[in-house]
Amino acid sequence: MLPSLGMLVFSSWLLDAIKGDHVFEETILRWCGIVWSNGTRLAVMTACAVASLACSAGLRLGLRHWEPVHGLLLPASAMPAHWLLVLLSPCGTMTFQNGAVCTAQGETLLEIGHLPANERVEALEDWDRATQCRWPWVQLARAIRPHAHQLQKVVLLASPGPRGSAAGLNQAVELVSLLAPGAAAVPIVAEVDFEDIPKLYSLIVALTRQAIGDGFAPETLTVDCTGGLKTASIAASLATLDSAIRFQYVETAAPFGVLAYEMRYTDAPR
């Protein structure tokens, strides 16, 4: 792409010379021993026109295929995490207590605490599919499943305010402890609004840096943005851009795959 840009600039300089600019004639042409005749003008004009068209086409194609951000997209199971940051969604009209999903009035809807750890997510999915209730924390369970056997720490980042997820934070800790028994569940109430992209971005960066400082390798860190707002997803993707840290998202329709992204800058056209 740079040669194409250079040729366009050089051609512009030549056209100035053709129009009577003596700088070109007194420098380049004299150095090359070329006489600036009408025939030379015609030859130079023809060559410049052809070269400029070719370079313009090359520049156009180069920009068309240049992707300033390149992403690696794989199922999250292909790269399980040891440290997972979850942007927690509110639990909706249901609660989770004593190993069971309950109504707001305390009526038990589904018990999973007595099940083996590897069957709990499937039980939640089967119940959710049968009842069509679309409980938000089923997505949380799906987000944890690809990493459950390797996870060492799950950081639950709750949004503040009456409409946020902070009220259900302790319930989320209990659920995570059942889904990933070998991991420490760490609850954090964010002091920033999830709709404030710059502040949430800074918070996510600070938490990932702290994890690296605690001994976790960057490639073992994942940020899950399924439960956050669209603005939270933007903040998560920006906070992991051009690093070995990944961000993931659980699909909202069947088959509810967990997709992990590793986004990097590219500094030249492909």
Side-chain angles (χ1 to χ4, degrees), residues 67-90 139-161 164-166 168-170 172-173 175-177 179-250 258-267:
E67 296 177 359
V69 176
H70 178 64
L72 172 64
L73 171 61
L74 288 173
S77 56
M79 34 192 171
H82 295 171
W83 183 95
L84 181 65
L85 171 61
V86 176
L87 303 183
L88 187 66
S89 65
Q139 292 290 78
L140 169 61
R142 291 176 176 132
I144 291 174
R145 177 165 51 191
H147 316 286
H149 296 296
Q150 288 83 12
L151 273 176
Q152 298 175 27
K153 181 176 287 188
V154 179
V155 178
L156 295 164
L157 186 61
S159 52
S165 55
L169 196 50
N170 291 335
V173 169
L175 177 60
V176 169
S177 299
L179 300 176
V186 180
I188 298 177
V189 178
E191 296 182 358
V192 301
D193 192 324
F194 273 22
E195 293 185 351
D196 190 329
I197 294 177
K199 290 184 179 180
L200 183 58
Y201 160 84
S202 298
L203 178 57
I204 295 172
V205 169
L207 290 172
T208 55
R209 286 178 178 173
Q210 181 180 337
I212 294 171
D214 290 340
F216 290 95
E219 60 271 17
T220 67
L221 274 57
T222 294
V223 178
D224 181 85
C225 59
T226 308
L229 303 168
K230 290 181 174 62
T231 49
S233 300
I234 294 171
S237 61
L238 290 174
T240 59
L241 181 61
D242 206 32
S243 71
I245 304 169
R246 305 178 184 94
F247 78 94
Q248 72 172 32
Y249 181 80
V250 182
V258 185
L259 304 177
Y261 299 81
E262 184 177 337
M263 308 299 293
R264 292 187 178 276
Y265 288 117
T266 55
D267 55 5

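Side chains are part of it too, since the values below use all heavy atoms of this structure and drop only hydrogens, waters and symmetry mates.
For the side-chain contact (heavy atoms from CB on, under 4.5 Å) test, residues two or more places apart in sequence or in another chain that qualify with A217 are E219, T220. For T240, there are no side-chain hydrogen bond (donor to acceptor under 3.5 Å, both in side chains) partners, not counting sequence neighbours. For S159, the side-chain contact (heavy atoms from CB on, under 4.5 Å) partners are S165, F194, not counting sequence neighbours. Taking Q139 as the reference, R142 meet the side-chain hydrogen bond (donor to acceptor under 3.5 Å, both in side chains) condition, with sequence neighbours excluded. With sequence neighbours excluded, the residues that form a side-chain hydrogen bond (donor to acceptor under 3.5 Å, both in side chains) with R145 are E125.
In this structure, CG on L179 lies 5.0 Å from CD1 on I144, to the nearest 0.5 angstrom. Between the NZ atom in K153 and the CG atom in L84 there is a gap of 12.5 Å [rounded to 0.5 Å]. Going from atom OG of S233 over to atom OH of Y261 covers 10.0 Å, rounded to the nearest 0.5 Å. One distance of note links CG of D224 with NE2 of H147; it measures 7.5 Å at 0.5 Å rounding.
Judged by distance alone, the side chain of T226 and the main-chain N or O of V250 form a donor-acceptor pair under 3.5 Å.
The side-chain heavy atoms of L88 and L140, taken from C-beta on, include a pair separated by under 4.5 Å.
Here the closest heavy-atom approach between residue R246 and residue E262 is recorded as NE-OE1, 3.6 Å. When all heavy atoms of L151 and A183 are compared, the closest pair comes out as O-CB, 3.6 Å. Contact detail for A185 and S177: the closest heavy-atom pair is CB-OG, 4.3 Å. Closest heavy-atom contact between A180 and A148: CB-O, 4.3 Å.
Relative ring orientation between W83 and F216 is described as tilted, the plane-to-plane angle lying within the 30° to 60° band.
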Report, one line per pair, each donor and acceptor closer than 3.5 Å where one atom sits in a side chain of residues 197-207; sequence neighbours left out.
| from | atom 1 | to | atom 2 | distance (Å) |
| --- | --- | --- | --- | --- |
| S202 | OG | P198 | O | 3.1 |

